[in-house]
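Following: one structure in structure tokens, then a few remarks.
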Amino acid sequence: MLQSHSRTDGRLLAQFRKTTIQQGILSKHASGSALISFRNDESQDESTSILAAVTLQVGQPRCTAAFSAGRGDIDVTVSSFKEDDSINISVLQSYLQRTLDVCVQEAQEDLINTGEQNHYHPLLLVPAKAAIGLVVTVKILQNAGNVGDAALLACIAALMDTRIPCREHGISLDEKTGRIWWQPKGYDFERKKEGSVTTWCRCSERGETQHKMRFPLLPLPVTIGLYCNETSEVDDKRRNWLVDPSSAEECLMSTMITMVVDGHAPEQILLLDFCPSFGENNSICSLRTKDLALVAQIAKARAEELKRILVA
Amino acid sequence: MTEARPDGRSANTLRPLSCELGCLHAADGSALWKAGNTHVMAAVHGPIAPRIATEEHADKCRIQVVIPTSSSSEWEAFLTRILTSCCCTQLYPRCILSITIHVLSHDGSILAAALHAAVSALMDAGIEMKTLPVGVTCLLSNTDILLDPTQVEEDESASLIIVLENSDADQMLACYSSNSLNQSVQTILKCSVVAARVSQAISAFWRIAIESKVKQQCETIFS
């Protein structure tokens, strides 16, 4: 069923648009950036393009049960290049915030552990006093459908491109003025202890003062639309699945499903959101057990493809 | 063996439910839904003509859900979509149905309680519905699936709310996960099966609440 029909833009029902990712596009102005584009080859003018930029701010750390000394936070802001009633900016912002918070929480530094496991979060500068906050700014340049997936991928790619200052090069906090001082480049790094932890940063090997974070959890999304055709006599043909729906198709869907899986272990589902859509179809189209299993299979294949693109 | 929960419930037990219909006389329909220490009040105004003409649809009613105390607009959009699909909106064209939800006491499973309060208020307002959506919050702990978690339990682990149609595990209307689940699809399907068993109790409770309200009104009219 999925392979026998085609859409208005010429794609098959199970065919995704071509995904291109450009990282470091704003390298002079932001700590990390990425431009994502979902483009249909046959129609070059219509594409979903999202630009994400990550900047760093120093502020109070967030103390949690997992990180008692505190950890850095992430703040997402979404805006659109031009007014578009089909996008609910606040809902998209809330969705990105919820997903990226999980990703940043599990982030790790690129360290050589020579002693016990480092319990400090990579964004933490001075325990319980100062941490780096990631400010992610998302700009919707063009909307041709499936903005949620594109925005999340742009944020993930920008975070992977982000360089944070290395803590091992000496950080001190002047509590009177609230200023944080980093030792200048070329500082003769000495191996030092932080409590019971001894770490050795890879930056010193490369002669750098900044490094990228590693993300053990890599959230990769897939959005699929379900269209219910009540007029069809065959039960299987009443339900049609469209992956990566375009903006015209989104208006007609009965249900929209977004599944976020872990790129390093695609069988693990990180987030699952689906609800009835505001489509023209007035009928209720619920998901069945086998529908969810099908969506999980599609999400797994898509995650493997996206991971290849991100890592390349 | 399943560990005992802090409030002494088993894994599949809901907190005590309470539903008071028609508690707000100024609204067209209202309901106060209580699940343990989680108290949510919903008020329905409408169907009425919208103030701005561009907000109306020519062939159906527009449903608007507002949660003033919530900082997440995702919840409003989630509830709006569910209620729009479940109500017979084509019976009230060019009208707007406004549902305001106030969280009076927060102790976990807020979204499910808000959904139930909104549906109860719609029933109190006499709005015709195609089906009754039942929401069950499932907490995915290391050992088991816990239903109707409290705030303390939700802070420790990820949870997801599954909305079922007609209490059928094979008819999932909606789903929302609050945090990182990190689970397989089989675990999520197991949640829907567990939720389906419990949702029948919620549907039965709704019937009792409506019957007692109608009986009380009859006694008042004919007294």
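By convention in this document, chain letters (A, B, ...) are assigned in the order of the sequence lines, proteins followed by strands, and residues within each chain are numbered from 1. Not measured: the values here are computed from a predicted model. Values below: every heavy atom of this structure, side chains too, minus hydrogens, waters and symmetry copies.
- Between B/S73 and A/Q93, the closest side-chain pair of non-hydrogen atoms is not below 4.5 Å.
- Of the atoms belonging to B/I188, it is side-chain heavy atoms, and not backbone ones, that fall under 4.5 Å from chain A.
- For a residue to count as touching a neighbouring chain, one of its non-hydrogen atoms must lie under 4.5 Å from one of that chain's; by this rule B/Q171 touches chain A with backbone and side chain alike.
- There is no contact between B/D155 and chain A, counting heavy-atom distances below 4.5 Å.
- When each of A/L270, A/T99, A/D273 is checked for a side chain to side chain contact (heavy atoms under 4.5 Å, CB included) with B/S177, only A/D273 meets the rule.
- Interface residue B/S178: only backbone heavy atoms are found under 4.5 Å from chain A.
- When heavy atoms are compared at a cutoff of 4.5 Å, B/S184 approaches chain A by way of both its backbone and its side chain.
- Between the CG atom of B/L79 and the SG atom of A/C275 there is a distance of 9.5 Å, given to the nearest 0.5 Å.
- Atom OG of B/S192 and atom CG of A/L292 lie 7.5 Å apart (nearest 0.5 Å).
- Among all heavy-atom pairs drawn from B/F78 and A/F274, the shortest one is CE1-O, 4.1 Å.
- With rounding to the nearest 0.5 angstrom, the CD atom of B/Q186 is 8.0 Å from the CD1 atom of A/I269.
- Heavy atoms closer than 4.5 Å to chain B are found in the side chain of A/V102, but not in its backbone.
- Between chain B and the options A/A293, A/A299, A/S286, the largest number of non-hydrogen pairs under 4.5 Å is found for A/S286.
- Checked options B/L181, B/N182, B/V185; the residue passing with A/Q268 is B/N182 (criterion: side chain to side chain contact (heavy atoms under 4.5 Å, CB included)).
- Only the side chain of A/L217 comes within contact range of chain B, with heavy atoms under 4.5 Å apart.
- Heavy-atom contacts from other residues, nucleotides or ligands closer than 6.0 Å to CD of B/E128 number 12 or fewer.
- Ranked by heavy-atom pairs shorter than 4.5 Å toward chain B, the options A/E267, A/Q97, A/R98 are led by A/R98.
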